[in-house]
Amino acid sequence: MSTGQEVLVRVENVEKTFRRGSEEVHVLSGMNLDVPSGEFLALMGPSGSGKTTLLNLIGGLDRTTTGSVKIGSERLDQMSDRQLAAWRARHVGFVFQFYNLMPALNAERNVELPLLLTHLSRAQRKRHVQTALEVVGLSHRAKHYPRTLSGGEQQRVGIARAIVTDPTLLLCDEPTGDLDRKSGDEILSLLQALNQDQGKTIVMVTHDPHASNRATRTVYLEKGQLSAEKPE
Amino acid sequence: MKFLSLVWSNLKRKKLRTSLTMLSLCVAFILFGLLSAIKESFSAGVELAGADRLIVRHKVSLIMTLPVAYKARMERVEGVAAVTHQTWFNGIYQDEPKNFFASMPVEPEPFLAMYPEYVLPAEQKEAWLKTRTGVIVGRTLAERFNWKIGDRVPLMSPIWPRKGDEAWTFDIVGIYDGEKKGTDTSGFYFRHDYFDEGRAQGEGEVGWYSVRIQDPEQAAATAAAIDAEFANSPYETKAEPEGAFIQGFAQQIGDIGAILTAILSAVFFTILLVTGNTMAQAVRERTEEIGVLKSMGFTNELVLALVLAESCLIAAVGGLSGLGLAWLFISAGNPAPTMLSVFYLPNHYLGIGVGLVLALGLVAGIFPAIQAMRLQIAVALRRNA
Ligand SMILES: Nc1ncnc2c1ncn2[C@@H]1O[C@H](COP(=O)(O)OP(=O)(O)OP(=O)(O)O)[C@@H](O)[C@H]1O
Ligand SMILES: [Mg+2]
């Protein structure tokens, strides 16, 4: 499925500046990052260093101030809002720290949400949802509402929702940040399996060295720059 | 369609708020239905008025009478096709003012010819012509008092006492229907000859004339010719088209249409704020969720449509149930026959109601929807951080 060699994500000379009133906040300055296809990359760094910002740029949720983000052969920084939305629907799945499930929908309908944007029939959608729930080991909770699920279970539903469209790229922002060690480990094993067995390319933001150990590579973000070594 | 269940699930989240909003919409549209029926009742006469009929009354006031001898002179006026007269009798039934209905002595044959919209079976007409004390009553009135043909109805009149101060008694010989839905069938018409002979005073006086003209285009000219005929007499007249006459009559109570429109505007403005507020709250508390939907690839336009659909759905459930209830209530019958001669909800008001429901849903939802559409994903998602 993946060669493990070709570059899937290429971030080049990216700057990201936020405006807070009259003040400008330079979060990323001249950032470069290549993520080969099939990699499980852990992104670490102190709070406020711009990890979420970088993840958002890679996932097409936000736009660079300057510089380019290229995924496969497509330049995200050159797409219109509508093209970006279509691109996200096809190519990327997000996993959030606080799961961000729709409380009004049960597990299977949460997982189904991204499929509503496809042309799949109801029966086909149902089949995809079942498969995704099986992958995360939660078929038996399909009819449960988020408030009746544990944090770990909710995060699995979140992962099922992220993989149900079979995207190439999974972006996880502190997926274990809200979980105890045991549930966190289960989630990490799940991500590892998705990476190794299904060839998903994963970028995971984390504060937890324990979590980054599961990744194939770890990079550190500090003062707008990336490094391969943990800064002192 | 697949998105509709998503919209519906969202609605069910704040059940209390959603139901209260729907309830306010429901009440507003019940009010809309009822007030429309009332408005219709005041304007139906005007709309259904014969374009080829004039009403000729005393120039000074409707309550002053005219001589019966005017009939022959009026018939000779250029452009006049037929003439008949009526008199305000103000009959009181069972000594109860709340039993009020309009009662008038008329000339049977000319009257029925003048008002073809009153449909009376031929044999009942025969019976009326044969029975001096005969009266024909409208279907609505008959149903109101549960009258049948053959019933005897005694009435007192404060304006026209009977010789010897007895009650007037009438025998119901016919029940007429309306040709159209809005036709007034609450009348009580009895014979003028019986009335003229029995009244204690005022013999030879009548209330007003109904005049059929040959050419509706010439209504103004014919009316002027009639007034000219009686100018400078002790009984000067005022002739006007029937529609204008009915309108003038209704306006004695006030400009009902304008009052009702004002009330409804206030109600709808309030309901717009209520619904708009509900939607604004819904969007505000779902900021993150909207961000998540967009992160999955929901486009800004789709998010806009989902919010609009939600507010239209609220409006539809609340508003249409209100319209339905109003319709049921109105179909059940006239709650105030003393005041409203006809009471029904014309279809075009239902159409307007449905249009209002949709408009309300769209207008109430548009600002929250635009807000949701413009929401930046990264900003929306930061809210939980
Ligand atoms: N929309 C925004 N407007 C203004 N400033 C922003 C915005 N988004 C992020 N920032 C700022 O950019 C910096 C980086 O934020 P980011 O959320 O990327 O950090 P992070 O590394 O993910 O932190 P954490 O570990 O706490 O999640 C912070 O100083 C933050 O305040
Ligand atoms: Mg972050």
Side-chain angles (χ1 to χ4, degrees), chain A residues 16 18 27 47-48 51-53 55-57 59-63 80-106 109-122 125 145 158 161-162 164-165 167 171 173-174 177-178, chain B residues 1-19 278-279 281-307 309-311 313-314 369-385:
Chain A
K16 180 66 184 176
F18 289 110
V27 179
S47 184
K51 302 182 295 296
T52 298
T53 303
L55 206 65
N56 286 347
L57 293 176
L61 298 185
D62 205 352
R63 292 175 178 282
S80 70
D81 281 355
R82 190 190 290 258
Q83 287 170 323
L84 263 184
W87 177 83
R88 285 195 300 270
R90 275 202 316 276
H91 297 295
V92 66
F94 288 92
V95 178
F96 305 96
Q97 178 176 2
F98 299 104
Y99 333 125
N100 282 17
L101 304 177
M102 309 281 149
L105 305 181
N106 65 22
R109 289 190 61 208
N110 263 290
V111 176
E112 188 194 14
L113 277 175
L115 295 178
L116 295 181
L117 300 172
T118 65
H119 293 295
L120 297 179
S121 71
R122 177 192 279 267
R125 294 202 299 269
Y145 281 82
R161 179 179 66 184
V164 73
T165 53
L171 302 178
D173 198 346
E174 301 185 38
D178 197 45
Chain B
M1 214 49 208
K2 54 191 173 185
F3 292 108
L4 202 64
S5 81
L6 175 62
V7 170
W8 186 247
S9 302
N10 274 330
L11 270 188
K12 287 195 301 192
R13 279 164 72 172
K14 300 271 169 167
K15 286 206 182 65
L16 184 64
R17 186 177 70 199
T18 304
S19 2
T278 297
M279 287 314 298
Q281 278 184 28
V283 166
R284 213 175 312 127
E285 56 197 30
R286 274 184 235 149
T287 300
E288 278 173 58
E289 287 172 39
I290 292 168
V292 173
L293 288 178
K294 288 187 179 183
S295 78
M296 289 173 196
F298 280 56
T299 59
N300 293 335
E301 293 76 14
L302 180 54
V303 168
L304 174 98
L306 288 176
V307 175
E310 184 169 334
S311 97
L313 197 60
I314 294 182
I370 289 176
Q371 195 191 344
M373 178 180 84
R374 292 200 180 140
L375 198 60
Q376 305 263 319
I377 308 174
V379 175
L381 290 176
R382 283 189 74 78
R383 295 237 310 199
N384 69 17

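All values below come from the heavy atoms of this structure, side chains included, with hydrogens, waters and symmetry mates left out. A, B, ... follow the sequence lines: proteins, then strands. Residue 1 opens every chain.
- At distances below 3.5 Å, not a single donor-acceptor pair connects side-chain atoms of R13(B) with backbone N or O atoms of P103(A).
- A distance of 9.5 Å separates OG1 of T52(A) from CG of L381(B), quoted to the nearest 0.5 Å.
- Ranked by heavy-atom pairs under 4.5 Å with chain B, the first of E112(A), E174(A), M102(A) is M102(A).
- Atom CD of E301(B) sits in a crowded spot, with more than 12 heavy atoms from other residues, nucleotides or ligands closer than 6.0 Å.
- Annotation: the span from R109(A) atom CZ to S5(B) atom OG amounts to 4.0 Å, rounded to 0.5 Å.
- For L105(A), the part sitting under 4.5 Å from any heavy atom of chain B is the side chain, from C-beta outward, and nothing else.
- Residues E289(B) and N100(A) have side chains not in contact (no heavy-atom distance under 4.5 Å, counting atoms from C-beta outward).
- Only the backbone of T118(A) has a heavy atom closer than 4.5 Å to any heavy atom of chain B.
- Heavy-atom minimum distance, A104(A) versus S9(B): CB-O, 3.6 Å.
- Among A162(A), P114(A), P167(A), the residue with the largest count of heavy-atom pairs under 4.5 Å with chain B is P114(A).
- At a 4.5 Å heavy-atom cutoff, the contact between L6(B) and chain A is made by backbone and side-chain atoms alike.
- Counting heavy-atom pairs closer than 4.5 Å to chain B, the top-ranked of the candidates T165(A), N56(A), L117(A), T53(A) is L117(A).
- Contact annotation: the side chain of L115(A) never approaches that of M296(B) to less than 4.5 Å [non-hydrogen atoms, C-beta and beyond].
- Taking OG from S295(B) and CG from D62(A), the interatomic distance works out to 12.5 Å, rounded to the nearest 0.5 Å.
- Looking at Q376(B) and L61(A), their side chains never come closer than 4.5 Å, going by heavy atoms from C-beta outward.
- Using modelled atom types, no side-chain atom of R82(A) and backbone atom of T299(B) make a donor-acceptor pair closer than 3.5 Å.
- In this structure, the side chains of K2(B) and R125(A) come closer than 4.5 Å at one or more pairs of heavy atoms.
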